[in-house]
2 protein chains.
Amino acid sequence: MFHDQSGTLFHRVSRWHMPSTTSRRRRRSVPLSKERLIAATIEILDAEGEDALTFRTLAAHLSTGPGAIYHHVASKAELLMSAASRVISVAIDGSSGEQNPVAALRATAAAVFDAIDAHPWIGAQLTREPWQLAVVQMLEAFGRIFRELGVAKLAQFNTASTLVHYVLGLAGQYAAGARTLGSRTDREAFLLGVTEQWRQLDASTYPFVHSVAEGFEQHDDRKQFLAGVDVILAGALSR
Amino acid sequence: MFHDQSGTLFHRVSRWHMPSTTSRRRRRSVPLSKERLIAATIEILDAEGEDALTFRTLAAHLSTGPGAIYHHVASKAELLMSAASRVISVAIDGSSGEQNPVAALRATAAAVFDAIDAHPWIGAQLTREPWQLAVVQMLEAFGRIFRELGVAKLAQFNTASTLVHYVLGLAGQYAAGARTLGSRTDREAFLLGVTEQWRQLDASTYPFVHSVAEGFEQHDDRKQFLAGVDVILAGALSR
DNA sequence: ACCTGAACACCGTTCAAGT
DNA sequence: ACCTGAACACCGTTCAAGT
């Protein structure tokens with residue numbers, strides 16, 4: 001719950017942006033800026049989910065009209081890319097410092113997972129634009145570690161991008177789960193619904209899925225994610 | 001280009017649905033059905049891209065009104081899930097038959113890649129709803145092979161879902177690339193633009209990205225994808 | 001230069017009215 | 001039962017008008 005630096009950071013900042021009349025009045029005295037827009041975007045996405053972020057709600061949050069936003073960002077896509085990149089850089093920067101490269105890789109991956117857990121809308125966003133800055137930041141962080149690990153020159157990009165794609169795929173599924181969940185119900189109920197659907201599939205055409213259905217409800221997403229990281233790490237070191 | 005069974009299949013079917021007046025008149029004599037809606041959906045997505053599929057264009061394509069669609073599917077989300085699942089099952093079914101499990105895994109993964117290549121809109125769709133049927137179908141296909149490979153019982157789900165997430169992540173990036181591309185320009189121009197952006201990043205904060213930027217333009221997406229599959233396969237077998 | 005908010009050109013979905 | 005298409009409640013974005 002609290003293993004995300006960026007989550008707590010933005011949580012602290014968010015008191016400034018509470019929709020109380022006092023703070024809203026204080027807010028209007030400061031001019032709009034891209035920074036302010038990104039902060040408000042992250043706040044709304046975290047608190048109310050992806051569907052809640054429209055240029056109308058964002059503008060209302062900042063006590064202005066939707067048109068004002070276009071003086072600081074070119075489009076909603078640019079705003080979302082900037083918000084995602086912000087969250088990912090905070091996560092990656094906060095996880096650096098490990099000396100052992102294997103530990104560093106796990107720490108970085110875990111930090112990214114925790115950022116996605118705290119801001120599940122990122123999962124959908126990273127898929128919306130290809131090779132956006134947030135994705136390149138991950139490639140850089142992972143690639144540098146694989147190089148330190150002594151992975152051969154040509155394999156460095158292969159292994160790093162494999163890990164990046166794995167993270168993106170998991171982030172996407174995670175975000176989709178959070179979206180269909182609404183922010184209230186807990187994740188176990190969602191997983192229970194998933195296994196319920198799995199059990200209703202024909203057992204002879206889906207034997208594997210049936211065999212893993214039991215026990216899936218109480219599986220630990222974070223542990224599961226890190227297990228996948230270790231599979232890729234083992235594969236990278238096996239040549 | 002032609003390594004996708006589903007692609008050619010739907011291409012052949014698509015003559016029925018050409019927007020010529022004759023076929024459109026012939027079409028109206030047949031009642032609407034979910035099957036027909038799915039076929040038309042895939043057709044429009046393949047030919048015109050994700051943005052072109054609206055319930056208005058789909059209805060016009062079938063010479064009816066948008067409301068008629070709701071007699072056969074509950075929502076646009078359901079229609080897209082069904083379309084994705086259709087494409088994935090055709091791809092997976094067409095790739096079965098390999099006896100050697102390692103060859104089978106590579107063949108299945110390649111078939112899924114080719115399906116994504118032929119229908120890039122799938123990449124975005126698979127991220128839209130969590131654990132939708134198309135994703136479960138991949139989990140089943142991969143999981144069964146990992147079991148055959150002798151992966152330990154507890155690791156079977158780990159390794160299979162790692163591979164599924166990797167495929168989903170790559171599919172998402174691929175689809176995003178295809179979307180920003182428009183369907184006409186070739187992929188090399190897109191990759192050139194990506195590396196151009198990479199080169200403009202600060203070289204001291206992005207040393208790894210800079211080091212892999214050269215040569216990235218002419219990299220082979222399919223080969224790259226299969227290299228990642230082999231990394232995960234090696235990791236799965238390394239314990 | 002920056003902001004405002006009505007207006008434009010769309011969406012997915014609903015629903016009264018038809019056959 | 002199935003279809004039709006106008007209407008509803010929204011979007012992101014634009015732009016004339018203000019300060």
Side-chain angles (χ1 to χ4, degrees), chain A residues 17 24-42 44-45 48-84 121 124-125 127-129 132 176 179-180 182, chain B residues 17 24-42 44-45 48-84 121 124-125 127-129 132 176 179-180 182:
Chain A
H17 308 267
R24 197 176 279 183
R25 216 170 283 134
R26 189 129 34 132
R27 179 43 105 25
R28 287 305 294 112
S29 68
V30 187
L32 237 46
S33 69
K34 189 170 175 181
E35 271 316 302
R36 195 170 298 279
L37 285 169
I38 292 172
T41 297
I42 292 172
I44 293 171
L45 288 169
E48 323 241 5
E50 297 172 52
D51 293 343
L53 185 83
T54 70
F55 271 30
R56 283 170 180 82
T57 61
L58 180 58
H61 196 77
L62 298 167
S63 311
T64 182
I69 297 169
Y70 288 89
H71 287 273
H72 301 95
V73 293
S75 64
K76 192 179 181 183
E78 187 201 322
L79 185 60
L80 287 169
M81 276 172 53
S82 302
W121 48 270
Q125 173 47 33
T127 290
R128 224 145 3 210
E129 305 284 337
Q132 59 184 283
R179 205 182 314 121
T180 67
Chain B
H17 308 267
R24 197 176 279 182
R25 216 169 284 132
R26 190 125 38 124
R27 179 43 108 21
R28 287 305 294 112
S29 69
V30 186
L32 236 47
S33 69
K34 188 169 176 182
E35 272 314 303
R36 195 170 298 279
L37 284 169
I38 292 171
T41 297
I42 293 172
I44 293 171
L45 288 168
E48 324 243 5
E50 297 172 52
D51 293 343
L53 185 82
T54 69
F55 270 31
R56 283 171 179 80
T57 62
L58 180 59
H61 197 76
L62 297 166
S63 310
T64 183
I69 297 169
Y70 288 89
H71 287 273
H72 301 94
V73 293
S75 65
K76 192 179 181 183
E78 187 202 321
L79 185 60
L80 287 169
M81 276 173 52
S82 302
W121 49 270
Q125 173 47 35
T127 290
R128 224 144 4 210
E129 305 285 338
Q132 59 185 281
R179 205 182 312 121
T180 68

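No hydrogens, no waters, no symmetry mates; every other heavy atom, side chains included, goes into these values. All values derive from a computational prediction rather than experimental measurement. Chain naming here is simple, since letters A, B, ... match the order of the sequence lines and numbering starts at 1 in each.
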A.B. asks: Rounded to whole angstroms, how far apart are CG on Leu79(A) and C1' on dC11(D)?
C.D. replies: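 Result: 16 Å.
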A.B. asks: Could you tell me if the side chain of Leu53(B) sits less than 4.5 Å from the side chain of Trp121(B), heavy atoms only?
C.D. replies: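 Side-chain contact under 4.5 Å: no.
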A.B. asks: Quick one: Leu37(A) CG to dT13(D) P, roughly how many Å, whole number?
C.D. replies: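 About 13 Å, once rounded to whole Å.
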A.B. asks: Without swapping roles, check the side chain of His61(B) against the backbone of Ile44(B) for a donor-acceptor pair under 3.5 Å.
C.D. replies: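 Flag not set: sc His61(B) to bb Ile44(B) has no pair under 3.5 Å.
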A.B. asks: Glu35(B): which residues meet the side-chain contact (heavy atoms from CB on, under 4.5 Å) condition with it, sequence neighbours left out?
C.D. replies: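 Applying side-chain contact (heavy atoms from CB on, under 4.5 Å) to Glu35(B) gives Ser33(B), Ile38(B), Arg86(B).
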A.B. asks: Starting from C1' on dC10(C), measure out to CG on Leu58(B) and report it in whole angstrom.
C.D. replies: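 Atom-to-atom, Leu58(B) to dC10(C), this comes out as 17 Å.
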A.B. asks: Go through the structure and list residues passing side-chain contact (heavy atoms from CB on, under 4.5 Å) with His71(A), not counting sequence neighbours.
C.D. replies: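 His71(A) satisfies side-chain contact (heavy atoms from CB on, under 4.5 Å) with no residue once adjacent residues are dropped.
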A.B. asks: Which residues pass the side chain to side chain donor-acceptor pair (under 3.5 Å) test with Gln125(A), sequence neighbours left out?
C.D. replies: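 Side chain to side chain donor-acceptor pair (under 3.5 Å) check on Gln125(A) returns Arg128(A), Gln132(A).
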A.B. asks: Using whole Å, report how far CZ of Arg36(B) lies from P of dC2(D).
C.D. replies: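 Distance, rounded to whole Å: 14 Å.
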A.B. asks: With sequence neighbours left out, write down each residue that passes salt bridge (charged side-chain N to carboxylate O under 4.0 Å, His left out) with Glu48(A), or none if nothing qualifies.
C.D. replies: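 Glu48(A) satisfies salt bridge (charged side-chain N to carboxylate O under 4.0 Å, His left out) with no other residue.
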A.B. asks: Please state how far atom CZ in Arg128(B) lies from atom P in dG12(C), giving the value in whole angstrom units.
C.D. replies: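 Distance, rounded to whole Å: 11 Å.
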A.B. asks: Of all the heavy-atom pairs spanning Pro66(A) and Ala59(A), show the shortest one and how long it is.
C.D. replies: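 It is N-CB, 3.5 Å.
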A.B. asks: Side-chain contact test, heavy atoms from C-beta onward, threshold under 4.5 Å: evaluate it for Ile69(B) versus Leu62(B) and give yes or no.
C.D. replies: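 No. Closest side-chain heavy atoms not under 4.5 Å.
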A.B. asks: In Å, rounded to the nearest 0.5 Å, how long is the span from OG1 of Thr41(A) to CG of Leu80(A)?
C.D. replies: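 The distance works out to 7.0 Å.
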A.B. asks: Under 4.0 Å from any atom of DNA chain D, heavy atoms only: list the residues of residues 67-75 of chain B that qualify, in numerical order.
C.D. replies: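 Per residue number, the list reads Gly67(B), Ala68(B), His71(B), His72(B).
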A.B. asks: Taking both distances under 3.5 Å as the test for a Watson-Crick or G-U pair, what stems of at least three pairs does DNA chain D have?
C.D. replies: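 When the pairs of DNA chain D are grouped into runs of at least three, the stems are C:4-8 with D:12-16, C:12-16 with D:4-8.
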A.B. asks: What's the CZ-C1' distance between Arg56(A) and dA6(C), to the nearest Å?
C.D. replies: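 Going from CZ in Arg56(A) over to C1' in dA6(C) covers 10 Å.
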A.B. asks: Between dA6(D) atom C1' and Phe55(B) atom CZ, what is the distance in whole Å?
C.D. replies: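 Nearest whole value for this atom pair: 18 Å.
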A.B. asks: Can you tell me the distance, in whole Å, between the CG atom of Asp51(B) and the C1' atom of dG12(C)?
C.D. replies: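 Asp51(B) atom CG is separated from dG12(C) atom C1' by 15 Å.
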A.B. asks: Side chain of Thr54(B) only, please: which of dC11(C), dT13(C), dG12(D) is the nearest?
C.D. replies: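 Closest nucleotide to the Thr54(B) side chain: dC11(C).
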